[in-house]
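We name chains A, B, ... by the order of the sequence lines, and we start the count at 1 in each one.
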Number of protein chains: 4
Amino acid sequence: MKKREVQASVKDELLVRRRRSQMIRGAVALFKQKGFHRTTTREIAKASGFSIGTLYEYIRTKEDVLYLVCDSIYDQVSSKLMKDLNGKGGTLESLKQGIADYFRIIDEMQDEVLVMYQEAKSLSRDALPYVFRKENEMAAMFGKLLSRCTENGELELSEKEIDLIAHDIIVLGQMWGFRRWALKKRFTLEEYIHHQTELLLSGISKGKPSGQLNGQATLRGAPNS
Amino acid sequence: MKKREVQASVKDELLVRRRRSQMIRGAVALFKQKGFHRTTTREIAKASGFSIGTLYEYIRTKEDVLYLVCDSIYDQVSSKLMKDLNGKGGTLESLKQGIADYFRIIDEMQDEVLVMYQEAKSLSRDALPYVFRKENEMAAMFGKLLSRCTENGELELSEKEIDLIAHDIIVLGQMWGFRRWALKKRFTLEEYIHHQTELLLSGISKGKPSGQLNGQATLRGAPNS
Amino acid sequence: MKKREVQASVKDELLVRRRRSQMIRGAVALFKQKGFHRTTTREIAKASGFSIGTLYEYIRTKEDVLYLVCDSIYDQVSSKLMKDLNGKGGTLESLKQGIADYFRIIDEMQDEVLVMYQEAKSLSRDALPYVFRKENEMAAMFGKLLSRCTENGELELSEKEIDLIAHDIIVLGQMWGFRRWALKKRFTLEEYIHHQTELLLSGISKGKPSGQLNGQATLRGAPNS
Amino acid sequence: MKKREVQASVKDELLVRRRRSQMIRGAVALFKQKGFHRTTTREIAKASGFSIGTLYEYIRTKEDVLYLVCDSIYDQVSSKLMKDLNGKGGTLESLKQGIADYFRIIDEMQDEVLVMYQEAKSLSRDALPYVFRKENEMAAMFGKLLSRCTENGELELSEKEIDLIAHDIIVLGQMWGFRRWALKKRFTLEEYIHHQTELLLSGISKGKPSGQLNGQATLRGAPNS
DNA sequence: GATGAATGAGTGTTCATTCAT
DNA sequence: GATGAATGAACACTCATTCAT
């Protein structure tokens, strides 16, 4: 997938990568705290450890910083996810693990995800498509897992259903990030993973209570016999 | 629930209400289009049909407008919802209808919900708790429905599970608003409602395929018998 | 002639006129001293007697100030000139007086003319045509005077010659402004007028030494007999 | 005439000359297009074929570039002119040729002259006197020509008149450069030369219609007999 | 109660200049 | 002698807010 290139005045590619990584680290911290719009470019420069002039050697506009931040977070999340999901067979068990992996990644990158999630909409018209593509791509990863399960006869889902569930997984993962003010009071991460997985899988598995799949207590008190 | 009061210089309560309603209508249109931060107070005044000076007779700061907007949207959504849910008995069927009602409200108020959803985080520290409370309140409405079903023996859910599912419903509803770029290509509103309800209910109902509840084709090809 | 309108946020036309006149006065003083590019908008605001914010209520960009300045100077020069030239008959004597009037106007508005002359080129592509038109218009005034003299048989000039001489008059007038560092050491204004008029008229008049026209000493020591 | 020296860090005089000549070529092209103030030092460096660091090895400030450019143009114009004028006898005919030579030089170096003409005023206080001296020097060349004609009895002009006419020649030459937007529509260079020379010479020649001097048609239809 | 002119702190961005490599 | 990354003062312009009318 071709990215929207962010132009830098500095030629040294290595340096550009290094400086931008500083910049992203600094910017995420600030955006987290005060949001993109309330953060000034000067603050970003300072948090990145260089001057305002230097900042602008590596970007063209403030929005470039946001794009770089979002891009970097997506890349991190999806590369982690890809590593975890890669080669995952078409079993319900591996689907379950895939979901758990994803939720754990979200938890790890909580701040980043929150930032990306809340600020991405401030990207300009021409950067948004890239974000949508990235989101679709991530949903597609789960789509593939679900497809394989269907092919293996572990699930019986139409294309449409696969699509929807894939998006549901993505959103319920993000939900752990953006509703933590409500969820953290009630659930640990593992509880959250457990219950949501249960809900998703028992909702789609072929008549078998998913709880039996891994021997954990089912969501329902008593499995139907 | 006590609201954060927004101070007005004007005394005439009726006038205040009327002006603020104009203001909210204008502001929603603008926020929808360009977001809170990119909208100026002048634009809000103009879109509201009065001068900048008059605008400031009815608010104290620009943020007040955002608060008023969010507050109004919440009120509309939750009053509609309350009307629909009120007296809903403790049956799965009525739960299902409740979910469908909620999703349809979200669809109707798509723009408003999107605005509120994306801009609420720009509210200041002291307005946020109110938003959280409102969100909790709305989740609680579904919580109550779920409780009743459990009391009636239609569902078997723990407190925690009720909480989680209630939040899931809220979020999956919002998802129809904030992911419409992906969902509208694939689903009509009714399809979306159908599939999500199916997923949620078959995930929690006591061994009965939810599809049978209303005679529609089930999500799964063949119900377990 | 339609002008390029400079947009103001303020509605009150009278106020706009008053403020802009303050602004022009302030800006001319500054441009004279340091040129357009070295003058900051804040300096312009200060010199105009209002804040930077107020300045921008009456213009859109810094370049607007320059345009307003140039426009105003042109208007002053050409309206003065028009008043002086109006009804000037087709005699050499009146042509001579017209030239003298013009040179005196330039002298009066020395600073303004210098500013306009040196900074007009900084106007943007779409403002320049207006400046050219104004310059042509002014040249055309003298063109008309020369035409009348030709019609009356006082001069015998082709269209082309009229055009050139008209432009020469304009430029030799401006020259008094932009070369004053050289000319003021050697000439008073009246001397300058006298000599340049002599040169121009004896260069074109029909064989009669222009000096005899008004009884002044001729440029040449001895009239041709 | 002693020049304002522009300091270079580099010692090798030959290299300094070579680099500066590159620099001037690049800068003229840029100044022509966007003016001095809108041209950045980076652009100058790039157009000159070396880095910004190297640029500053050969100048001290950006203004030095402008000075170098103006200086170079003056030198070119005046050396060409000096070559053409050198040894020009004291006849009206040679004066005429001198004027034509000058106008043709201006035409050849149109862009450079325009640049110098429009940007010289941006030179700092201490560089301006040099420019004035150069202009005076050039006027003086024509002054000398006019003096010789007077000495030879071909013209009868006072010191003052000589001075004025010399400056007029310089300015009417520049006029061909800076008013080309108006003149090029109406005149070819040779027409312009012809008419302006005619005007200048018939304005000062001793009662003899200048047209007879070289057998060309006179400006006036009929010479006085 | 309504208006809109006035304000100025604050913002994103540029660019001449320096200096370590 | 050449390079180009780093710097930060300076700039044009915006906009929430106030207040005299």
Side-chain angles (χ1 to χ4, degrees), chain A residues 8-12 15-16 19 37-46 49-65, chain B residues 8-12 15-16 19 37-46 50-65, chain C residues 8-12 15-16 18-19 37-46 49-65, chain D residues 8-12 15-16 19 37-46 49-65:
Chain A
S9 304
V10 171
K11 302 291 172 61
D12 183 340
L15 191 56
V16 170
R19 292 277 181 258
H37 281 106
R38 295 200 213 275
T39 301
T40 69
T41 51
R42 279 175 163 77
E43 288 170 325
I44 296 170
K46 194 170 190 184
F50 33 73
S51 71
I52 182 66
T54 300
L55 179 71
Y56 274 88
E57 292 281 308
Y58 295 93
I59 53 161
R60 283 253 250 257
T61 67
K62 186 185 175 190
E63 212 214 275
D64 281 346
V65 180
Chain B
S9 307
V10 173
K11 305 290 170 201
D12 182 340
L15 192 52
V16 170
R19 291 276 185 253
H37 281 106
R38 296 197 213 275
T39 300
T40 69
T41 50
R42 278 171 143 88
E43 287 170 324
I44 295 169
K46 192 170 190 184
F50 36 75
S51 72
I52 182 67
T54 302
L55 181 72
Y56 274 86
E57 294 284 314
Y58 297 93
I59 53 162
R60 282 258 248 258
T61 69
K62 185 186 175 191
E63 214 212 273
D64 282 347
V65 180
Chain C
S9 304
V10 171
K11 303 289 173 60
D12 183 340
L15 192 54
V16 170
R18 198 160 60 230
R19 292 276 183 259
H37 281 106
R38 296 199 213 274
T39 301
T40 70
T41 51
R42 275 176 162 78
E43 288 171 325
I44 296 170
K46 194 169 190 184
F50 33 72
S51 71
I52 181 67
T54 301
L55 179 71
Y56 274 88
E57 291 281 310
Y58 296 92
I59 52 161
R60 282 256 250 258
T61 67
K62 185 185 175 192
E63 213 214 274
D64 281 347
V65 180
Chain D
S9 306
V10 173
K11 306 291 170 197
D12 182 342
L15 191 55
V16 170
R19 291 275 185 254
H37 280 106
R38 296 197 214 276
T39 301
T40 69
T41 51
R42 280 173 143 87
E43 288 171 323
I44 296 169
K46 193 170 190 184
F50 35 75
S51 71
I52 181 68
T54 301
L55 181 73
Y56 273 86
E57 294 284 315
Y58 296 93
I59 54 162
R60 281 257 249 257
T61 70
K62 185 186 175 189
E63 213 213 272
D64 281 348
V65 180

With a non-hydrogen cut-off below 4.0 angstrom, is B/Thr40 in contact with a base, only sugar-phosphate, or nothing?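 Touches sugar-phosphate only.
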Would you indicate what B/Ser9 reaches in the nucleic acid, counting non-hydrogen atoms under 4.0 angstrom: base, sugar-phosphate, or nothing?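 Since no nucleic acid heavy atom lies under 4.0 Å of B/Ser9, the category is nothing.
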Please report, rounded to the nearest Å, how far the [atom2] atom of [N] is from the [atom1] atom of [X].
X	N	atom1	atom2	value
C/Lys62	F/dC11	NZ	P	9 Å
C/Phe50	F/dA20	CZ	C1'	19 Å
C/Glu63	F/dC13	CD	P	9 Å
D/Arg38	E/dA16	CZ	C1'	17 Å
C/Ile59	F/dT14	CD1	C1'	13 Å
B/Tyr58	E/dT3	OH	P	9 Å

Could you please name the partner base of E/dT21, counting Watson-Crick and G-U wobble pairs only when both distances are under 3.5 Å? F/dA2
Watson-Crick or G-U wobble partner of F/dC15, both distances under 3.5 Å: E/dG8
Hey, which sits more toward the 5' end of DNA chain F by its nearest nucleotide, C/His37 or D/Leu55?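 Of the two residues, D/Leu55 wins.
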By nearest-nucleotide position on DNA chain F, the 5'-leaning member of C/Thr41 and B/Arg60 is C/Thr41
Any side-chain N or O of D/Arg19 less than 4.0 Å from the OP1 or OP2 oxygen of F/dA2? yes
Is A/Tyr56 near enough to E/dT13 that one of its side-chain N or O atoms lies under 4.0 angstrom from OP1 or OP2? yes
A/Asp12, nearest nucleotide to its side chain (from F/dA5, E/dT13, F/dA12): F/dA5
Shortest side-chain distance from A/Ser51, nucleotide among F/dG8, E/dA16, F/dA16: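 Output: F/dG8.
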Parallel, tilted or perpendicular, as decided by the 30° and 60° cut-offs, for the rings of B/Phe50 and B/Tyr58: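 B/Tyr58 and B/Phe50: tilted rings.
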